[in-house]
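Pasting in a structure now, in structure tokens, and then I'll have a few things to ask.
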Amino acid sequence: MVIKIHATDILHRYCRTSDEVLNVLTNAKVSEKDLTPVTQVLSFAEQSDLDENLLLLELDSNLLDILSQGESLVLRGNKNDSAVMCTKSRTYEVKTAEISNSLALVPNILWNSDTKCSSDERVLEEKEVLKVFYEYLEVRPCGPRLQKLRSLLEKGQYSGPEYEEEVKESGVKLYTLHDLLHEIQASEDELLVALKENFACCIEGCWRFLEFNYHFRVLSLILGLVDENSWALNGVLRCEVLDTLGDVVPSVILNHLLDWYTDENPDKQTSTLREDRVCRFLGEVLLRPAGKFNLQDFLSAWQQSVPEGMVTNMKYLEGIAIKDVTCQPQIMRFFPEWDLPEDVGERFKVLFQAREKWTVEDIRPYVERLTTGKMNVNALLTKHARASTLNGVKCYSARHGK
């Protein structure tokens, strides 16, 4: 049984008696025999900083298990960001939700099993309510918010050892993983994946993008060595690349490019050049400065730019370029996913401005990163786009288009 003390009672620290409790029971037409002999009398604590800073957070069993195992949950976000909560491997959005019935926080409150005793007389236990909650924080899985990553790392790009003194003198900030975790709203595992996908390189403890022309120059040296030695595409000698180019390119850069553009063979001695990644980058080399390219001219130039034995394929350019078939002649346009807005609605707006209709295959690379466990690509399209059929092919356009 719980009895509340009103605010006027708190000021005088009035203590209820057993007789008053019995009178309340009588007025409420409750039989004392139906209750345990212990009555808890609640009073409200004086307002303090605790009242303002204490928040109610709802966690599912998975997050509770993480805490019980001694791991941490970290809130990330700057003053103008909506907060997210991160485990080591996942990111969750944090939102305020209202409570239909208010909840009172009462430390050391006794439950039914704790209020049974052999006493024939009623026992009064005073308990203090620290705070009453009318809302709580709920967490839901969401994707990592990574758009800020590129803007941070692009300021301190690595252009070769001969330019490092200039970078130091410029005062530009270089970011360690610890620094990035304080800036980027993502879990550590998600951030490391994003750094790899964005081809960031850890140089002397700081994560750096390679300046585009420098990246192209080093890759050209590697491909040139392959051609000079007449190595097969699956017969690249990593050790010889490191020995031959080590005097002109730092080993950390060579290893970084070799890790990305080759796969080690089972013999552990040779590696195989990855056609998809080599072709993708060389396609970007052609498209980036031009912005757009006559489609047939581009396809011809692209095939000529790749190593002998490799075959270009449009699927290699997913997420960095789109084909415009509405004009004559048709064109290929540089359209990188990383330049699109992080907000789902804004992203779809930009996508439908760039192209009126999209097939699922074409739009997938531009929205896949925004998916969650409960919202896949098809669900995103159903929510933010309008489906139609064009020449027997299902297409999506702006939901509120003309």
Side-chain angles (χ1 to χ4, degrees), residues 49-60 62-64 66-67 71-99 133-157 171-200 202 206-209 319 336-351 365-377 379-380 383-384:
D49 291 340
L50 177 66
D51 188 57
E52 294 182 2
N53 297 330
L54 199 60
L55 300 173
L56 196 61
L57 175 67
E58 181 184 61
L59 301 178
D60 60 22
N62 177 54
L63 292 173
L64 285 174
I66 288 173
L67 286 178
E71 298 182 31
S72 299
L73 301 178
V74 183
L75 287 169
R76 293 198 169 108
N78 292 325
K79 185 183 296 184
N80 297 323
D81 297 326
S82 56
V84 300
M85 175 178 287
C86 297
T87 65
K88 187 175 183 301
S89 60
R90 291 292 305 277
T91 301
Y92 299 80
E93 63 178 354
V94 182
K95 290 191 174 181
T96 301
E98 293 184 354
I99 302 173
F133 294 92
Y134 304 98
E135 59 185 23
Y136 68 99
L137 299 177
E138 63 176 356
V139 295
R140 296 179 180 177
C142 68
R145 299 172 182 175
L146 299 165
Q147 192 158 15
K148 192 177 178 181
L149 179 63
R150 293 194 67 87
S151 63
L152 292 178
L153 298 189
E154 281 175 348
K155 298 173 184 176
Q157 295 185 73
V172 65
K173 180 173 176 58
L174 302 181
Y175 292 87
T176 65
L177 181 63
H178 181 267
D179 294 332
L180 289 173
L181 286 171
H182 278 77
E183 295 286 344
I184 306 299
Q185 291 185 289
S187 69
E188 182 175 339
D189 288 353
E190 290 168 327
L191 178 57
L192 287 170
V193 168
L195 288 167
K196 181 178 180 180
E197 290 177 345
N198 283 276
F199 201 69
C202 188
C206 294
W207 287 91
R208 313 273 296 276
F209 282 160
E337 183 272 339
W338 59 77
D339 281 346
L340 298 181
E342 198 76 9
D343 178 78
V344 180
E346 287 298 314
R347 176 166 296 209
F348 273 99
K349 182 179 179 180
V350 172
L351 287 171
Y366 294 100
V367 299
E368 197 159 27
R369 190 164 59 82
L370 304 178
T371 60
T372 65
K374 295 182 179 180
M375 184 74 73
N376 59 21
V377 170
L380 280 173
K383 182 176 181 180
H384 296 278

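Below, all heavy atoms of this structure are taken into account, side chains as well, without hydrogens, waters or symmetry copies.
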(request) For residues L174 and D179, determine if any side-chain heavy atom of one lies less than 4.5 Å from a side-chain heavy atom of the other. (result) no
(request) Starting at NZ of K349, measure out to CG of L340 and round the result to the nearest 0.5 Å. (result) 14.0 Å
(message) Which residue is it: R145, K148, R369? I am looking for the one with a salt bridge (charged side-chain N to carboxylate O under 4.0 Å, His left out) to E342.
(response) R369
(message) On a heavy-atom basis, which atom in F133 and which in L54 lie closest, and how many Å separate them?
(response)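 Shortest heavy-atom contact: CE2-O, 3.6 Å.
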(message) Is there a side-chain contact between V139 and L73 in this structure, where contact means two heavy atoms from C-beta onward sitting under 4.5 Å apart?
(response)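 V139 vs L73: side chains apart.
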(request) Indicate yes or no: at least one non-hydrogen side-chain atom of S82 is less than 4.5 angstrom from one of E93. (result)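 Of all side-chain heavy-atom pairs linking E93 with S82, none is under 4.5 Å.
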(request) Search all heavy atoms of P341 against all heavy atoms of E346 and return the closest pair with its distance. (result)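 It is CB-CB, 3.7 Å.
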(request) Return yes if some donor-acceptor pair links the side-chain N/O of T91 with the main-chain N/O of S187 below 3.5 Å, else return no. (result)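 It does hold such a pair.
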(request) Give the intermediate values and the outcome of side-chain contact (heavy atoms from CB on, under 4.5 Å) for residues L59 and I66. (result) CA-CA 10 Å; L59 301 178; I66 288 173; over 6 Å; no
(request) Measure across Y366 and P336 and return the closest heavy-atom pair with its distance rounded to 0.1 Å. (result)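 Residues Y366 and P336, closest heavy atoms: CE2-C, 4.3 Å.
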(message) Determine whether a donor-acceptor pair (N or O, by modelled atom type, separation under 3.5 Å) exists between the side chain of N198 and the backbone of A200.
(response)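 Looks like no, no N/O pair under 3.5 Å.
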(request) Answer yes or no: does atom OH of Y134 have more than 12 heavy-atom neighbours from other residues, nucleotides or ligands under 6.0 Å? (result) no
(message) Can a donor-acceptor pair be found, under 3.5 Å and without considering hydrogens, that links the side chain of R76 to the backbone of L181?
(response) yes
(message) Does any part of the side chain of V344, heavy atoms only, come nearer than 4.5 Å to the side chain of K383, both counted from C-beta?
(response)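 Side-chain contact under 4.5 Å: no.
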(request) Supply the atom-to-atom distance C86 SG to E188 CD, rounded to the nearest 0.5 angstrom. (result) 10.5 Å
(message) Any heavy-atom pair between the side chains of L192 and L177 that's under 4.5 Å?
(response)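 A side-chain contact under 4.5 Å exists here.
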(message) Counting C-beta onward and ignoring hydrogens, is there a side-chain heavy-atom pair between V84 and L75 closer than 4.5 Å?
(response)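 Counting from C-beta outward, V84 and L75 never come under 4.5 Å.
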(message) I need the K95 NZ to L137 CG distance, nearest 0.5 Å.
(response) 12.5 Å
(message) Which heavy atom of Y92 sits nearest to which heavy atom of T87, and what is that distance?
(response) CE1-CG2, 3.9 Å
(request) Would you name the heavy atoms of L57 and M85 that are closest together and state the gap between them? (result) CD2-CE, 3.5 Å
(request) First locate atom CD of E183, then atom CG of L152, and finally report the distance between them rounded to the nearest 0.5 Å. (result)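 One finds 6.0 Å between CD of E183 and CG of L152.
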(request) Can you measure from OH (Y175) to NZ (K155) and round to the nearest 0.5 angstrom? (result)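 Reported to 0.5 Å precision, the distance equals 5.5 Å.
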(message) On a heavy-atom basis, which atom in L153 and which in W207 lie closest, and how many Å separate them?
(response)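 Heavy atoms only, the tightest pair is CD2-O, 3.4 Å.
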(request) Mind running side-chain contact (heavy atoms from CB on, under 4.5 Å) on F348 and V367 for me, showing each step along the way? (result) CA-CA 8 Å; F348 273 99; V367 299; 3.8 Å; yes
(request) Verify, without hydrogens or angle tests, whether E154 (side chain) and S151 (backbone) share a donor-acceptor contact under 3.5 angstrom. (result)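 Here the side-chain-to-backbone pair does not exist.
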(request) Would you check, one step at a time, whether the test salt bridge (charged side-chain N to carboxylate O under 4.0 Å, His left out) holds for R347 with E337? (result) CA-CA 10 Å; R347 176 166 296 209; E337 183 272 339; 2.7 Å; yes
(message) Let me confirm one number: the CG-NE2 distance from N78 to H182, rounded to the nearest 0.5 Å.
(response)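 NE2 of H182 is found 10.5 Å from CG of N78.
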(message) If you define the side chain from C-beta out and look only at heavy atoms, does anything of L56 sit under 4.5 Å from I99?
(response) yes
